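For the single chain, residues carry numbers from 1 onward in sequence order. Whatever order the structure lists them in is the order used to number ligands and atoms, beginning at 1. In this text, all values refer to a predicted model and were calculated from it rather than measured experimentally.
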Amino acid sequence: MDKTTTLLLFFSMFTFLTTSFSKNLCNQDDKTTLLKIKKALNNPYHLASWDPQTDCCSWYCLECGDATVNHRVTALTIFSGQISGQIPPEVGDLSYLQTLVFRKLTNLTGQIPRTITKLKYLRSLRLSWTNLTGPVPGFLSELKNLQFIDLSFNDLSGSVPSSLSLLPNLLSLDLSRNKLTGSIPESFGSFPAKVPDLYLSHNQLSGYIPKTLGNLDFNRIDFSRNKLGGDASMLFGANKTTWYIDLSRNMLQFDLSRVVIPKTLGILDLNHNGITGNIPVQWTEAPLQFFNVSYNRLCGHIPTGGTLQEFDSYSYFHNKCLCGAPLDSCK
Ligand SMILES: *[C@@H]1O[C@H](CO)[C@@H](O)[C@H](O)[C@H]1NC(C)=O
Ligand SMILES: *[C@@H]1O[C@H](CO)[C@@H](O)[C@H](O)[C@H]1NC(C)=O
Ligand SMILES: *[C@@H]1O[C@H](CO)[C@@H](O)[C@H](O)[C@H]1NC(C)=O
Ligand SMILES: *[C@@H]1O[C@H](CO)[C@@H](O)[C@H](O)[C@H]1NC(C)=O
């Protein structure tokens, strides 16, 4: 054999070895589990690529990690398919999952299975735009690596579990658009590390917002479209760096006159509440991009300056006696 042939032979063997190796990246336990999941979901067309003859790391709707985790399945993302049934409890056996997503699946029903507490590496849990029922499970607090929880747009009922405030790495909690009742847990006034973004809108939450939430410097809070009453002034404050506050369509009743807003506040929606007092001059100091205080019981002169005159009358209308631009001038 001459040198070129040897090289060619070597090269083709190398190619053969690497491709056949890459065909077997899939961990056998993961493959078995995935096939059980496919079966539990009635072998949907959406998972047609899940063919037992092929490497599961090449299947759609999932990702395998690199060699440091032995190519175990790290993400399962089932999105917008014709899928009927419940979340298969077997997902809890994909032990290396960091991301679990079931999203936009109208016919996905049933409860969130307890088996997901076995997913010790789970960082992102997104079960949204499905028809899941039952509670927001308190057992989610066992998943210490969770950073993102999104259970929005479901039919979840019961109360917000106070144990979620124990999650040491939580960055965002979205429970909006469900049928949650009860009040916001007192425990949400302290989180172990970072203060997460809180989205609890479009539920039936009632009672007072716990005073303790005033100790936190939130970036985003959306409590809109609930039945929350009483005071919300503690959510504001000069020393905070909050960007987004939506408390619209509740039953809040407090005096705005002495509320100092963060100098970082960009979005503020307070429409449809029972808020009294006047809009403080200090509010002209914030970089407000969206502002709505309509349908309250505010009175007095709308301060001139900042961005407050950039909003039209619909941001201010239906109050007790607010006046000045963009509303009619004060008498
Ligand atoms: C949901 O189920 C209904 C009734 O079985 C069916 O007609 C519909 O196509 C399904 N939708 C999806 C998105 O799978
Ligand atoms: C839940 O199911 C109902 C029909 O049973 C459907 O109208 C609705 O769109 C579904 N919700 C979601 C978020 O898919
Ligand atoms: C805001 O911070 C300043 C300076 O750090 C401090 O003096 C003041 O007491 C704080 N105000 C409030 C309401 O926490
Ligand atoms: C403010 O809220 C009211 C009441 O929901 C609404 O009619 C108006 O369009 C809103 N304004 C803006 C700018 O969104």
Side-chain angles (χ1 to χ4, degrees), residues 37-50 60-61 76-88 101-111 126-133 152-155 176-177 199 201-203 220-229 232 243-254 256 259 261 265-279 283-284 286-299 302-303 306-328:
I37 290 171
K38 182 180 176 182
K39 186 155 179 265
L41 294 171
N42 307 307
N43 297 313
Y45 175 73
H46 198 70
L47 303 180
S49 68
W50 293 21
Y60 290 172
C61 307
L76 180 64
T77 302
I78 299 186
F79 175 76
S80 256
Q82 300 267 339
I83 299 236
S84 299
Q86 308 206 353
I87 297 176
V101 180
F102 282 89
R103 192 166 146 77
K104 297 219 167 171
L105 306 164
T106 319
N107 290 345
L108 191 72
T109 56
Q111 303 202 2
R126 194 162 199 202
L127 312 172
S128 70
W129 295 86
T130 60
N131 258 321
L132 294 176
T133 52
S152 62
F153 290 89
N154 281 297
D155 281 327
S176 58
R177 308 247 179 186
Y199 304 95
S201 73
H202 289 82
N203 280 291
R220 287 163 191 258
I221 290 185
D222 185 353
F223 294 166
S224 64
R225 296 194 188 236
N226 280 288
K227 298 174 182 165
L228 299 167
W243 157 250
Y244 186 113
I245 298 182
D246 188 350
L247 304 172
S248 63
R249 295 186 187 252
N250 278 287
M251 299 168 353
L252 298 167
Q253 288 186 355
F254 59 99
L256 217 54
V259 171
I261 59 173
L265 197 62
I267 314 283
L268 179 60
D269 198 344
L270 299 174
N271 87 71
H272 279 97
N273 280 286
I275 301 169
T276 54
N278 60 276
I279 301 174
W283 288 28
T284 59
L288 289 164
Q289 293 175 11
F290 181 92
F291 183 74
N292 201 337
V293 293
S294 66
Y295 289 89
N296 278 290
R297 295 193 207 125
L298 297 170
C299 209
I302 297 171
T307 62
L308 288 184
Q309 274 67 40
E310 288 172 20
F311 310 104
D312 64 19
S313 58
Y314 294 105
S315 290
Y316 296 96
F317 74 152
H318 274 275
N319 272 288
K320 196 169 147 210
C321 43
L322 270 185
C323 59
L327 299 179
D328 293 344

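Remark: ligand 4 atoms within the under-4.0 Å shell around heavy atoms of Tyr295 are 4 (C). Atoms of ligand 4 found under 4.0 Å from any heavy atom of Arg249, numbered from 1 in the order shown, are 5 (O). For ligand 4, the atoms sitting less than 4.0 Å from at least one non-hydrogen atom of Ser294 are 1 (C), 2 (O), 3 (C), 4 (C), numbered in the order shown with element in parentheses. Taking every non-hydrogen atom of Tyr314 and a distance limit under 4.0 Å, the qualifying atoms of ligand 4 come out as 1 (C), 8 (C), 10 (C), 11 (N). Within ligand 4, the atoms closer than 4.0 Å to a non-hydrogen atom of His272 are 4 (C), 5 (O), numbered from 1 in the order shown. In summary, the atoms of ligand 4 found under 4.0 Å from a heavy atom of Phe290, numbered by their order in the structure, are 14 (O).
The shortest contact between atom 9 (O) of ligand 1 and any protein heavy atom is with Gln82 OE1, 3.7 Å. Counting only heavy atoms of the protein, atom 7 (O) of ligand 4 lies nearest to Phe317 CZ, 3.8 Å. Of the protein's heavy atoms, Ser315 OG, 3.7 Å lies nearest to atom 13 (C) of ligand 4. In terms of protein heavy-atom proximity, atom 3 (C) of ligand 1 is nearest to Asn107 ND2, 3.5 Å.
Within the 6.0 Å centre-distance limit, the rings of Phe291 and Tyr316 are counted as a close aromatic pair. Taking the six-membered ring where the residue is Trp, the centroids of Phe223 and Tyr199 are separated by 6.0 Å or more.
By the definition of a contact as any protein heavy atom under 4.0 Å away, atom 5 (O) of ligand 1 is not in contact.
Side-chain atoms of Thr130 do not come within 3.5 Å of backbone N or O of Leu108 as any donor-acceptor pair. A side-chain donor-acceptor contact under 3.5 Å links Trp283 to the backbone of Val259. A distance-only check finds no donor-acceptor pair linking the side chain of Asn271 to the backbone of Tyr295 [under 3.5 Å]. For Asn42 (side chain) and Pro44 (main-chain N/O), no donor-acceptor pair under 3.5 Å exists by modelled atom type. Formation of a donor-acceptor pair under 3.5 Å by the Asn107 side chain with backbone atoms of Ser84 is not found in this model. The closest donor-acceptor contact from the side chain of Asn319 to the backbone of Arg297 lies under 3.5 Å.
At least one N or O atom of Asn292, backbone or side chain, sits closer than 3.5 Å to an N or O atom of ligand 4.
A pairwise comparison of heavy atoms in Ser294 and Tyr314 identifies CB-O, 3.5 Å as the closest pair.
With a 4.0 Å cut-off on non-hydrogen atoms, His318 does not touch ligand 4 at all.
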